[in-house]
> 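Submitted below is the structure of interest, expressed as structure tokens.
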Amino acid sequence: MKKFFLFISVVTVLSSNAQKRELGEVTLDELNQKFCPADTSAPAAVLFSLGKTYFEYSENEGFRIITEIQTKIKIYKKEGYEYANAVERIYTGGGSSEEKVSFTKAVTYNLIDGKIEKTKLNSSGEFREEINKYWALKKITMPNVREGSIIEYKVMISSPYIHNFPEWVFQKSIPVLYSEYTTVIPEYFTYSKHFRGYHSPIISKDYKERSVYNTSNSSSSGGFRFREETSKYVIENIAALKEEIFTSNINNYRTTLVHELSTTQYPNSQIKRYSTDWETVAKEIYVSSNFGDELKKTGYFEKDVDGLLQGVSDPEERMAILFGFVRNRMNWNEFYGVFCKDGVKKVYAEKKGNVAELNLMLVSMLRYAGLNANPVIISTRNNGIPLFPSQTSFNYVIVAVKFQDKIYLMDATSKYSIPNILPTRDLNWQGRIIQSDGTNQSINLMPSFLSKSATTLMAKIDKTGVIEGKVREMYFDYEAFDYRTRYGSASVESQMERLEKRHSGIEVADYSVQNNLETSKPIVESYSFKDNHSVELIGGKLHISPLLFKTLHENPFKQDEREYPVDFIYPHEDKTTISLTIPEGYEVEVLPEGKAFTMPENIAGFKYMIQSAENQIQIILTLDINQAIIGSENYEFLRSLFNEFVKKNTEKIILKKV
């Protein structure tokens with residue numbers, strides 16, 4: 001496994017007091033620092049981030065989780081101003097007890113005329129933003145931030161939810177010079193610990209006894225003693241985690257410590273287990289009243305389904321009818337989750353609900369129709385790849401239907417989805433299909449078939465180098481889904497503007513699109529064009545870019561090395577066929593050669609064919625990406641492929657006068 005680049009040893013301490021790592025200890029040397037020694041391009045750097053999570057006990061509430069974080073950041077450039085803001089998520093509990101978040105000791109330091117100037121955060125710089133019924137955000141925007149500023153703050157988070165142990169993120173999008181996280185956990189709680197990313201912290205542990213006394217009785221008989229485990233995790237000089245193109249969720253690779261509640265055992269009580277394995281987690285979700293019980297309800301839809309399926313005996317046709325019915329009738333409220341909130345019956349009447357309600361409703365209808373349908377719990381792309389068995393690892397539900405040797409996956413939340421064409425948010429590693437008897441197993445969510453796009457372009461070149469022609473583009477499967485998602489409701493005028501902007505230098509007319517709303521058919525997009533930029537007149541000869549405005553001029557993979565897998569979301573094939581008519585009185589002097597390039601194990605490849613006959617030039621270019629995800633170990637081959645692909649794109653046809 002490749003390692004992230006570590007800072008070189010030349011990293012220097014920014015001040016003689018830096019080892020104290022205390023808020024309020026800001027020096028002239030720190031404020032005078034013009035750039036980060038380890039990464040001169042960094043717009044800002046975290047000088048230190050210190051976190052501690054511990055438990056407090058009260059007679060009324062029992063244990064609460066308390067997290068204290070102290071952060072100190074140096075701003076080097078204007079692009080780093082965003083790092084002078086801080087955000088913390090608050091779980092509100094849907095109206096029950098909510099988490100509490102408070103910011104203190106928030107100060108901006110600047111060097112003004114050789115003196116250190118302090119500007120404290122006031123109430124106008126603090127905000128609360130409600131996300132939904134269950135979540136809110138607490139934000140601060142630090143005052144008087146400029147290039148050279150140092151900002152620091154302390155945040156305290158108090159939570160009554162012992163399962164909601166905070167993640168500690170060691171690695172940021174800017175360099176982190178020092179990150180330290182300490183946990184103090186009573187013996188009553190066992191948490192499984194998991195690391196993401198490629199850095200490993202230095203870990204130290206200690207144990208001690210602690211006494212808690214009831215406030216109503218300060219004697220020893222009015223309290224209790226227990227053992228606590230203290231763990232300290234330290235990483236120094238962590239390079240910035242930088243976004244790379246074709247990356248699914250960058251947080252999958254960010255160095256992070258995650259705690260998952262495994263068991264609790266209070267005095268004189270039985271041990272309670274919260275997570276064991278994937279099978280147990282899925283079963284616990286299935287038996288929940290907000291999941292399994294909702295699947296059993298049928299009375300609210302039976303009359304409608306009976307009418308829809310009257311006279312239809314083919315199982316796959318019955319599936320398609322019911323899927324289309326739920327997809328088109330219902331509306332997703334954009335709430336994620338594996339559990340129903342209002343219940344399928346109410347949602348069916350109101351025609352709007354969360355993802356679990358829509359897709360569990362579909363499962364129930366399909367089962368009522370005699371089909372082998374089951375829910376599939378998944379983690380969406382923005383939720384990341386699950387690291388360990390936990391109910392919180394899953395945040396979404398889709399549908400699976402089995403027909404002997406075939407299986408269809410469906411998601412009724414999208415108006416453009418069809419069986420086995422899921423919204424791309426769903427395409428993330430594996431899910432767990434839960435069958436009617438409660439058993440479950442993993443299921444691959446990643447498509448293996450090629451989604452195709454096919455472009456046919458016919459054009460004529462005149463003696464001045466102006467090209468006029470027509471284009472017909474067809475999009476299939478996921479390519480069609482993406483098109484509909486992006487442009488399904490766009491007007492003709494906006495589509496023409498989009499094409500002219502994407503292909504700078506052309507004029508578009510006679511635009512039309514077919515099957516925009518007919519999801520079972522491919523998208524067919526047609527337009528005519530005039531191109532003034534794909535031909536150069538040099539010394540009486542015409543130098544032509546064979547692919548015209550479809551030319552790829554740069555390799556998208558510019559880095560010498562790749563740290564993360566390349567994620568194309570789904571396998572695809574792009575085929576372009578071009579027919580050029582050359583002007584009368586000209587003939588071909590230079591014609592590029594054909595080329596084929598294939599990566600090992602046929603992971604990806606392209607074929608370029610070109611030929612001329614009389615006044616016609618024919619070009620066929622096909623690019624195949626045969627795997628949705630290409631590992632970083634194959635990055636060098638992929639980069640080489642696109643280097644060759646760009647070379648063929650940019651080679652010129654030369655025409656001379658007869």
Side-chain angles (χ1 to χ4, degrees), residues 452-474 499-510 525-558 572-599 604-625 638-658:
K452 298 182 179 182
S453 66
T455 300
T456 302
L457 187 155
M458 301 181 68
K460 184 176 181 179
I461 308 169
D462 71 15
K463 295 180 180 180
T464 66
V466 175
I467 304 174
E468 295 189 40
K470 294 185 176 181
V471 176
R472 186 173 187 261
E473 296 184 298
M474 298 182 69
L499 290 168
E500 290 180 345
K501 185 176 180 179
R502 177 190 294 176
H503 308 301
S504 179
I506 70 168
E507 300 173 18
V508 174
D510 305 321
E525 188 178 45
S526 302
Y527 56 93
S528 58
F529 71 91
K530 184 176 181 180
D531 182 354
N532 295 299
H533 289 74
S534 295
V535 178
E536 293 179 284
L537 185 60
I538 303 174
K541 298 180 181 181
L542 300 178
H543 293 243
I544 306 165
S545 297
L547 298 174
L548 308 183
F549 54 86
K550 294 284 186 179
T551 300
L552 180 66
H553 294 280
E554 292 184 352
N555 187 342
F557 301 102
K558 294 181 171 61
H572 62 272
E573 176 185 274
D574 301 326
K575 184 176 182 179
T576 303
T577 302
I578 296 176
S579 179
L580 297 177
T581 301
I582 67 176
E584 185 178 350
Y586 281 80
E587 65 180 8
V588 175
E589 180 181 53
V590 176
L591 194 72
E593 295 181 353
K595 178 82 174 182
F597 189 107
T598 304
M599 286 180 61
F606 76 84
K607 292 181 181 178
Y608 178 84
M609 296 183 290
I610 185 168
Q611 61 182 8
S612 66
E614 298 181 353
N615 68 336
Q616 295 290 316
I617 299 173
Q618 301 287 334
I619 303 139
I620 300 176
L621 177 61
T622 305
L623 173 65
D624 290 326
I625 305 296
L638 183 67
R639 186 167 181 252
S640 297
L641 182 150
F642 273 88
N643 277 336
E644 294 300 318
F645 187 74
V646 169
K647 284 181 183 177
K648 300 314 295 183
N649 268 250
T650 53
E651 288 179 346
K652 302 288 188 179
I653 298 170
I654 300 177
L655 305 181
K656 66 178 181 179
K657 292 181 179 180
V658 177

> Does any non-hydrogen side-chain atom of V466 lie less than 4.5 Å from one of D531?
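A side-chain contact is absent here, since even the closest heavy-atom pair is not under 4.5 Å.
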
> Measure across L499 and E525 and return the closest heavy-atom pair with its distance rounded to 0.1 Å.
CD1-OE2, 4.4 Å

> What's the spacing between I578 CD1 and K550 NZ if we round to 0.5 Å?
8.5 Å

> Please tell me if the side chains of L537 and L542 come closer than 4.5 Å, counting only heavy atoms from C-beta onward.
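Side-chain contact under 4.5 Å: yes.
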
> Between OG1 of T577 and CD1 of I620, what distance do you get to the nearest 0.5 Å?
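So the OG1 of T577 and the CD1 of I620 are separated by 5.0 Å.
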
> Rounded at 0.5 Å granularity, tell me how far CE in M609 sits from CD in Q611.
8.5 Å

> I need the minimum non-hydrogen distance between R639 and N555, along with the two atoms involved.
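Taking every non-hydrogen atom into account, O-ND2, 3.1 Å.
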
> Would you give the length of the straight line joining atom CD1 of I467 to atom NE2 of H533, rounded to the nearest 0.5 angstrom?
11.5 Å

> What I'd like to find out is whether the side chain of K460 reaches to under 4.5 Å of the side chain of E468, using heavy atoms alone.
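Counting from C-beta outward, K460 and E468 never come under 4.5 Å.
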
> Go through E573 and T622 one step at a time and tell me if the side chain to side chain contact (heavy atoms under 4.5 Å, CB included) criterion holds.
CA-CA 7 Å; E573 176 185 274; T622 305; 3.8 Å; yes

> Do H572 and D574 have side chains that approach each other closer than 4.5 Å (heavy atoms only, starting at C-beta)?
yes

> Pick one: which of K575, R472, E473 meets side chain to side chain donor-acceptor pair (under 3.5 Å) with T455?
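Among K575, R472, E473, the one that satisfies the side chain to side chain donor-acceptor pair (under 3.5 Å) with T455 is E473.
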
> How many angstroms lie between atom CD1 of I582 and atom CD1 of I653, to the nearest 0.5 angstrom?
9.5 Å

> Check ring pair (Phe, Tyr, Trp, His ring centres under 6.0 Å) between F529 and all other residues, then give those that pass, not counting sequence neighbours.
F549

> Specify the closest pair of heavy atoms between P546 and L580, including all atoms of both residues, with the distance to one decimal.
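Nearest pair, atom of P546 first, then L580: O-CD1, 4.1 Å.
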
> Can you see which heavy atom on I610 is nearest to which on G594, and at what distance?
CG2-N, 4.4 Å

> What is the distance from atom NZ of K647 to atom CZ of F597, rounded to the nearest 0.5 Å?
10.0 Å

> Taking the side chain as every heavy atom from C-beta outward, state whether T576 and L457 have any pair of such atoms under 4.5 Å apart.
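No, too far: nothing below the 4.5 Å cut-off.
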
> Within a reach of under 6.0 Å around NZ of K452, are more than 12 heavy atoms found that belong to other residues, nucleotides or ligands?
no

> Between the side chain of N649 and the main-chain N/O of L552, is any donor-acceptor distance below 3.5 Å?
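Flag set: sc N649 to bb L552 pair under 3.5 Å.
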
> Is there a side-chain contact between K652 and S545, using heavy atoms and a 4.5 Å cut-off?
yes

> Measure the shortest side-chain to side-chain distance between M599 and L638 over non-hydrogen atoms and say whether it is less than 4.5 angstrom.
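Touching, per the 4.5 Å side-chain cut-off.
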
> Considering residues at least two apart in sequence or located in another chain, which fulfil the side-chain contact (heavy atoms from CB on, under 4.5 Å) criterion with T650?
T551, H553, V646

> Quick check: closest heavy atoms across A459 and L548, and the distance to 0.1 Å?
CB-CD1, 4.4 Å

> So, do Y586 and K463 sit near enough that their side-chain heavy atoms are less than 4.5 Å apart?
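Side-chain contact under 4.5 Å: yes.
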
> With side-chain hydrogen bond (donor to acceptor under 3.5 Å, both in side chains) as the rule and sequence neighbours excluded, what pairs involving residues 500-509 come up?
Y487-R502

> Checking side-chain polar atoms at under 3.5 Å, does S579 have a donor or acceptor matched by the opposite partner on Q616?
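A pair is found: one side chain offers a donor N or O, the other an acceptor, under 3.5 Å apart.
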
> Indicate the atoms forming the closest heavy-atom contact of L641 with F606, along with that distance.
O-CE2, 3.6 Å

